[in-house]
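Reviewing the structure listed below.
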Amino acid sequence: MTNQENRTASNHWRSTFGFIAAAAGSAVGLGNIWKFPYITGQNGGGTFVLFYLLCIVFLGFPIMVAEVMVGKISQSSPVRAYSRLSNQSRLWQVVGSIGVITGFVILSYYSVVAGWTLHYLFLSITKGFPQGSQPEAYADLFTSLYQSVRLNIWWHTVFMGITTVIVLRGVRGGIERVAEWGMIALFGLLVGLAIYSSTLPGFPTSLEFVFGQSAKFTWSSALEALGHAFFSLSLGMGAMLTYGSYLQRRDNIVTTCTAIAIADTTVAIGACLILFPITFSVGLEPAAGPGLVFINIPLALLQLPFGQIWLLVFFLLLSLAALTSAISLLEVPTAFLIDSLGWSRSMAASCCAALIYLLGFPSAVSGGEGFWGEGLKQILGMTWFDTVDYLASNWLLPLGGIGISLFVGWRLTYQQRKQELGSLPWLYSILVFLIRWLIPVAIVLVMLHALGVL
Ligand code: PFF
């Protein structure tokens, strides 16, 4: 059997729920629990959250439907999918390839943050946290990790190693199980933590912060909210397309995508409603930056009875959420090499992982004093880590989103779209209008505003 037949013949999800769990596993990750609360804090709260939710409903959801549709119809990985459905057009193959490159870039720094969660998991096991409830001690603990070249490289290595081993074995089957149980456990824990946070004195202030108006919102906040909607839903680089290619004919795209988008958004908003009450109750800054979750959660949980165990469960589940997202990031270039160049899975996954691992080194040392950290900050105003995160989420993913919406809106045939979306005519018309017109125009407008051209 050739590699191509190998990938397409019987490689489907075992159940529709398995797909939802794996795709939600890709969507729910560090983006929701680590990144969304801290960028909400930096962008002043309410208006940013509202704009983000609008982006999820009007841009993110239709693009997810579009991506999964292309995967399902073509039963191929991104570049091949574009090629197959466009009569081998070079232009569309290039659009697919940009997604593959974006996956490389994102995983290179994502793995570094995931490494921080592994370090905190390790500290939870070894009881390595400070005693007492002084926020400064927890902030110092995070800063020392952030600045440590040795620890960052070590945990980046461990995390990439685990991700590679799982992708080497193939993402379906194993990952479906892990994602199903992991998602349910994560939801349970977050609900418990949200209930706890709602009893804290800072809860009313945090509701006001997350849902009230904010004066800090600018066009660059709008671009950040837009980019984060893509990042959080794993859109714009072919991850959902690749997972969609393992769907069966009978699976319904609109209902499955609705479930994934709701799960992802609930976790993101839930993470804010857990973190900000703690932030306001202990007098920390909501704009504390990337350390927010790593400072607040240990600080709060260690005050509870059996705090050490809660902390361990939290960082275990956060590491698992990061892992299920990282797997989807590595699966995109791996499936591309298997599908388009006929490589074996082991060769494809290990070569991609090795390259991504090396590309992650500058991010791993970005907290230090050297060139990639302080050095670049002097020149660009941002470390290497911040630069790749900014470029990948705010620019490359939305550009990939324009690509997929133009492809589905204008290049696929009416029959192809109708077959997948056709059961409700009004829904079909709304989705096609959003995909054809609103999405490309809205993304371009936000980008031009953020660049200061408009
Ligand atoms: N959605 C993931 C998160 O929120 O952590 C990150 C991610 C995974 C982005 C897969 C893009 C992707 F293709």
Side-chain angles (χ1 to χ4, degrees), residues 21-40 52 55-56 60-61 63-64 67-68 70-71 77-78 96 98-117 159 163 166-167 171 175 179 182-183 186 190 224-245 257 260-261 263-272 290 293 317-336 352 356 388-401 403-404:
S26 164
V28 174
L30 296 169
N32 307 60
I33 298 167
W34 161 72
K35 193 172 173 191
F36 184 64
Y38 96 72
I39 58 175
T40 297
Y52 171 78
C55 289
I56 293 281
F61 173 71
I63 292 187
M64 187 187 287
E67 267 202 33
V68 173
V70 172
S77 65
I98 295 174
V100 175
I101 295 167
T102 310
F104 260 78
V105 176
I106 295 183
L107 185 52
S108 73
Y109 68 86
Y110 198 84
S111 165
V112 174
V113 183
W116 300 345
T117 66
F159 186 79
T163 309
I166 297 178
V167 174
V171 287
I175 191 63
M183 280 298 113
L186 184 69
L190 291 179
E224 179 127 36
L226 171 81
H228 189 69
F230 280 83
F231 185 88
S232 188
L233 292 176
S234 305
L235 301 174
M237 50 150 285
M240 287 297 167
L241 192 159
T242 306
Y243 276 15
S245 74
C257 288
I260 299 162
D264 188 66
T265 310
T266 312
V267 174
I269 300 290
C272 284
V293 75
L317 292 176
L318 187 57
S319 306
L320 198 68
L323 187 63
T324 49
S325 301
I327 288 165
S328 71
L329 282 161
L330 183 56
E331 179 65 10
V332 172
T334 303
F336 159 70
C352 292
I356 293 169
V388 282
D389 182 25
Y390 172 76
L391 288 178
S393 0
N394 294 8
W395 294 95
L396 291 175
L397 293 181
L399 282 174
I404 191 87

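Below, all heavy atoms of this structure are taken into account, side chains as well, without hydrogens, waters or symmetry copies. Counting convention: from 1, in listed order, for ligands and their atoms alike. Numbers here simply count residues along the sequence, with the first being 1.
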Exercise for the section: Any chance you could measure Asn32, atom CG, to Asp264, atom CG, to the nearest 0.5 Å? Expected result: 4.5 Å
Exercise for the section: State, with a plain yes or no, whether a side-chain heavy atom of Phe36 is found less than 4.5 Å away from one of Ser232. Expected result: no
Handout entry: Ala239: numbered ligand 1 atoms lying under 4.0 Å from its heavy atoms
Key = 13 (F)
Problem - N/O separation below 3.5 Å, Phe231 to ligand 1 - result: yes
Practice task
Using distance alone, determine whether Ala27 and ligand 1 share an N or O pair under 3.5 Å.
Solution key: yes
Fill in the blank from the handout: The atoms of ligand 1 lying under 4.0 Å from a heavy atom of Leu30, numbered in the order shown, are 5 (O)
Completion exercise
Among non-hydrogen protein atoms, atom 5 (O) of ligand 1 lies closest to Tyr110 OH, 2.5 Å
Problem - Heavy-atom side-chain contact between Ser325 and Leu30 under 4.5 Å - result: no
Problem - Smallest separation among heavy atoms of Tyr110 and Ala326, with atom names - result: CE2-N, 4.2 Å
Fill in the blank from the handout: Numbered in order shown, the ligand 1 atoms found under 4.0 Å of a heavy atom of Ser328 are 10 (C)
Practice task
Enumerate the atoms of ligand 1 whose separation from the nearest heavy atom of Ser232 is less than 4.0 angstrom.
Solution key: 1 (N), 4 (O)
Exercise for the section: Could you check if a side-chain atom of Met237 sits within less than 4.5 angstrom of a side-chain atom of Leu329, using non-hydrogen atoms only? Expected result: yes
Exercise for the section: Considering heavy atoms of the protein only, find what lies nearest to atom 8 (C) of ligand 1 and give residue, atom and distance to 0.1 Å. Expected result: Ser234 OG, 3.3 Å
Practice task
Starting from atom 2 (C) of ligand 1, find the nearest protein heavy-atom neighbour and note its residue, name and distance.
Solution key: Ser26 O, 3.3 Å
Problem - Test item: Leu318 and Trp34 side chains (from C-beta on) under 4.5 Å apart, heavy atoms - result: no
Handout entry: Ile63 side chain reached by Phe230 side chain, heavy atoms, under 4.5 Å
Key = yes
Fill in the blank from the handout: Contacts of Leu399 meeting side-chain contact (heavy atoms from CB on, under 4.5 Å) (sequence neighbours excluded), chain-then-number -> Ile402, Met447
Practice task
Starting from atom 13 (F) of ligand 1, locate the nearest protein heavy atom and write down its residue, its atom name and how far away it is, to 0.1 Å.
Solution key: Met237 SD, 3.0 Å
Exercise for the section: Give yes or no for whether the N/O distance cutoff of 3.5 Å, strictly under, is met between Ile106 and ligand 1. Expected result: no
